[in-house]
Colleague: 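Below you will find the structure I want to go over with you.
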Amino acid sequence: MIKHTDSSVILGHDDGFWTAEHHSESGAGPVSISLGDDTLVKDCGFHIDDLTPDCAVLEKFRAYHRGGAAVVEAKGVFPFGNEIRFSHVCRYAANHARFTFDFNWPKNTDVKRHLGLGDIFLPGEWRRLLILPPAPPLGGAPKPVWREIPPAASKNLMLGHWHSPPLAVVFERPDGTRLEVGTGSDIWRWQNSFGAGPENGSYKIILEADGIRFTREPLMCCAPFTPPPRQARFTWYMAWHGKQMPAWKSQRVDTPLSLDRSKKLSLPETMEDGQAFSIDLAALVVPAAMRKSLSAADFIRGKTSGTACWESNAANKMVRAFIRQLAAKYDGGELRLKGLLPQVCFVPGHVDRKAENGIVHWDMGAILDLTTWARRTLGDTWALRLENRLVDTLPSLRGIELANGFDPDEVIEADDVWESES
């Protein structure tokens with residue numbers, strides 16, 4: 001569902017699980033994300049020193065359906081001095097939103113102290129938070145840690161502060177509702193801080209009297225810094241899960257699928273109604289070019305793990321071929337994808353880069369893209385489920401069992417889409 005008022009666009013999952021609101025005269029957003037009457041997120045924005053979205057001139061705003069997802073696009077400019085142009089694209093499906101933010105950074109333009117993206121406020125009471133720590137520059141696998149959140153007091157309290165972006169943070173309410181905020185695949189961009197180098201960012205979680213403020217600044221400098229003139233892109237995401245969303249209920253024993261000599265799934269000629277299949281992607285023997293290098297040292301030495309990085313185009317195409325094969329042969333059933341686990345990788349070719357010492361990224365964004373596509377390709381007669389050690393912890397992975405939520409066959413009439421261009 002996409003509808004507009006005089007000043008806003010409201011998006012809602014077709015099953016009524018959640019709504020998101022964007023102001024149609026702002027390049028920021030969303031203004032809010034709510035599960036029923038419970039507002040999880042407010043005032044998602046960005047800033048360049050004292051410039052906020054309210055200071056910009058919006059040149060274009062669109063909201064539309066694409067492939068079973070909802071998309072909100074905004075383009076604008078800060079019309080002062082060397083004009084800074086930006087583009088902000090939000091893609092909603094199932095229980096998550098993915099954000100792509102582009103700056104067209106002009107020559108000889110300074111950041112005096114702060115440049116922030118994806119600042120959010122979480123109103124109300126939160127019980128605890130889970131931190132997936134920043135990716136170590138040289139590699140490694142830090143373990144996520146739950147932390148209790150104390151009651152709010154009259155003075156603000158710092159709950160966390162990093163100079164590199166955490167991979168993800170999960171906030172949990174007393175009733176079990178969770179909100180996940182994570183960095184996109186482009187960890188190296190966030191860590192490089194517009195060319196200022198590592199450790200020049202600031203990521204703060206602050207407990208205030210009426211909620212939690214999460215400030216995310218890929219550039220925080222002690223003296224004015226002049227980024228090189230270029231197009232700069234940053235990606236990140238949010239995901240959520242509440243008690244009103246259905247839980248996985250299947251008790252069927254799945255049939256593991258393997259590959260035949262032609263590297264296709266070996267499928268039975270017929271299947272029982274609602275039969276469950278599973279594919280263990282971690283057990284597949286994949287070419288070295290698809291595999292993860294879990295540290296910079298591993299990449300330099302040519303050492304890889306046994307599992308694929310899902311940012312690899314070849315690995316992504318392999319899984320999509322499996323999905324197409326199932327959708328073409330059977331009318332419905334259950335599919336359980338095992339071993340589809342987001343991890344950090346340093347192979348630059350997976351993100352179309354070259355670097356002698358590797359480039360740090362992770363494949364959460366690729367997994368969300370892949371599974372959104374898979375739900376659309378399989379259709380409503382199939383159930384899709386991930387099985388890995390994080391699936392019941394991270395809303396982003398748990399939500400893969402939900403429908404995308406925006407009918408791919410629905411035709412949006414002119415009255416249902418608000419669009420303006422200057």
Side-chain angles (χ1 to χ4, degrees), residues 68-69 91 93-96 98 132 135 141 144 167-168 170 180 182-185 187 235 237 239 241 247-248 250 252 254-259 263-265 267 276-294 304-327 333-347 350-351 361-378 382-404:
R91 298 175 176 87
N95 69 329
H96 69 263
R98 297 190 61 210
L132 274 63
L167 293 180
V170 180
E180 176 184 349
T183 306
S185 62
I187 298 172
T235 65
Y237 73 93
H241 197 276
W248 181 261
S250 175
R252 294 188 179 98
D254 60 83
T255 302
L257 297 176
S258 58
L259 302 186
K263 302 299 182 183
K264 294 182 179 180
L265 293 176
L267 300 176
F277 292 125
S278 67
I279 306 173
D280 190 347
L281 298 171
L284 297 180
V285 178
V286 297
M290 293 185 191
R291 298 177 198 157
K292 293 181 171 83
S293 283
L294 300 179
T304 59
S305 71
T307 56
C309 173
W310 304 110
E311 283 292 333
S312 160
N313 287 331
N316 224 286
K317 288 180 180 178
M318 175 186 71
V319 180
R320 291 182 186 226
F322 298 160
I323 301 295
R324 289 191 182 99
Q325 191 181 347
L326 284 168
E334 290 183 14
L335 175 61
R336 302 171 190 174
L337 295 176
K338 301 179 179 181
L340 196 63
L341 181 71
Q343 287 181 302
V344 171
C345 176
F346 283 77
V347 179
H350 296 165
V351 288
H361 56 279
W362 79 319
D363 46 11
M364 175 62 87
I367 289 173
L368 294 177
D369 273 347
L370 174 61
T371 51
T372 298
W373 175 89
R375 283 193 301 266
R376 187 179 83 239
T377 301
L378 290 170
W382 281 87
L384 183 64
R385 167 76 168 174
L386 292 195
E387 292 188 358
N388 62 50
R389 57 185 171 81
L390 290 177
V391 72
D392 290 324
T393 302
L394 301 183
S396 54
L397 302 182
R398 186 173 179 181
I400 285 164
E401 64 202 46
L402 299 176
N404 284 342

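Just so you know, residue 1 is the first one in the sequence shown, and it goes up from there. Hydrogens, waters and symmetry mates play no part in the numbers below; they use all other heavy atoms, side chains included.
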Colleague: So which atom in Val391 and which in Asn388 form the shortest heavy-atom distance, rounded to 0.1 Å?
Modeller: N-OD1, 3.0 Å
Colleague: Do you know which two heavy atoms are closest between Leu378 and Ala327, and how far apart they sit?
Modeller: CD2-CB, 4.1 Å
Colleague: Indicate yes or no: at least one non-hydrogen side-chain atom of Thr371 is less than 4.5 angstrom from one of Leu340.
Modeller: yes
Colleague: Side chains of Asp254 and Lys338: does their closest heavy-atom pair fall under 4.5 Å?
Modeller: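 The answer is yes, as the side chains (C-beta and beyond) meet within the 4.5 Å cut-off.
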Colleague: Apply side chain to side chain contact (heavy atoms under 4.5 Å, CB included) to residues Leu326 and Leu257 and explain how you reach the verdict.
Modeller: CA-CA 11 Å; Leu326 284 168; Leu257 297 176; 4.2 Å; yes
Colleague: Looking only at heavy atoms, what is the nearest atom pair of Lys292 and Ala308, with distance?
Modeller: NZ-O, 2.6 Å
Colleague: Would Leu284 and Phe322 count as a side chain to side chain contact (heavy atoms under 4.5 Å, CB included) if you check the C-alpha gap in whole Å, the side-chain angles of each, and the deciding distance to 0.1 Å?
Modeller: CA-CA 12 Å; Leu284 297 180; Phe322 298 160; 3.8 Å; yes
Colleague: Step by step, would you call Ile400 with Leu337 a side chain to side chain contact (heavy atoms under 4.5 Å, CB included)?
Modeller: CA-CA 10 Å; Ile400 285 164; Leu337 295 176; over 6 Å; no
Colleague: Let me confirm one number: the CG-CZ distance from Leu368 to Arg98, rounded to the nearest 0.5 Å.
Modeller: 6.0 Å
Colleague: For residues Leu167 and Met364, determine if any side-chain heavy atom of one lies less than 4.5 Å from a side-chain heavy atom of the other.
Modeller: no
Colleague: Hey, does the side chain of Trp362 reach the backbone of Cys345 with a donor-acceptor pair shorter than 3.5 angstrom?
Modeller: no
Colleague: Are any of the side-chain nitrogens in Glu334 or Arg336 under 4.0 Å away from the carboxylate oxygens of its partner?
Modeller: yes
Colleague: Among Leu394, Leu397, Asn95, Thr393, find the residue that satisfies the side chain to side chain contact (heavy atoms under 4.5 Å, CB included) test when tested with Glu180.
Modeller: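 Of the listed options, the one satisfying the test is Leu394.
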Colleague: Over all heavy atoms of both residues, which pair between Ser185 and Thr235 is shortest? Give the atoms and the distance, please.
Modeller: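 Heavy-atom minimum between the residues: N-OG1, 3.7 Å.
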Colleague: For Thr372 versus Ala93, what's the shortest heavy-atom pair and its separation?
Modeller: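 Residues Thr372 and Ala93, closest heavy atoms: CG2-CB, 3.9 Å.
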Colleague: Just verifying a value: how many Å separate Trp382 CH2 and Thr377 OG1, rounded to the nearest 0.5 Å?
Modeller: 12.0 Å
Colleague: Mind checking the CZ-CG spacing from Arg320 to Asn313? Nearest 0.5 Å is all I need.
Modeller: 9.5 Å
Colleague: Would Met318 and Trp310 count as a side chain to side chain contact (heavy atoms under 4.5 Å, CB included) here? Give the steps.
Modeller: CA-CA 10 Å; Met318 175 186 71; Trp310 304 110; 4.2 Å; yes
Colleague: So, taking the atom named CZ in Arg375 and the one named CG in Leu384, what distance separates them when rounded to the nearest 0.5 Å?
Modeller: 7.0 Å
Colleague: Working to the nearest 0.5 Å, report the span between CG of Asp369 and CZ of Arg91.
Modeller: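 With rounding to 0.5 Å, CG (Asp369) is 8.0 Å from CZ (Arg91).
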Colleague: Does any N or O in the side chain of Gln325 come within less than 3.5 Å of the main-chain N or O of Lys264, such that one atom is a donor and the other an acceptor?
Modeller: no
Colleague: What is the ring orientation for His350 with His361, classed by angle as parallel under 30°, tilted 30 to 60°, or perpendicular over 60°?
Modeller: perpendicular
Colleague: Under a 4.0 Å threshold between the charged nitrogen and the carboxylate oxygen, would Arg291 count as salt-bridged to Asp363?
Modeller: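 Looking at Asp363 and Arg291, the cut-off is not met.
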Colleague: Evaluate the side-chain proximity of Asn316 to Trp373: yes if any heavy-atom separation is below 4.5 Å, no if none is.
Modeller: no
Colleague: To check you understand the geometry: which heavy-atom pair defines the closest contact between Thr304 and Ala288, and what is its length?
Modeller: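 Here Thr304 and Ala288 meet closest at CG2-O, 4.2 Å.
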Colleague: Atom NZ in Lys317, atom CE in Met290: separation rounded to 0.5 Å?
Modeller: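 Here the interatomic distance stands at 10.0 Å.
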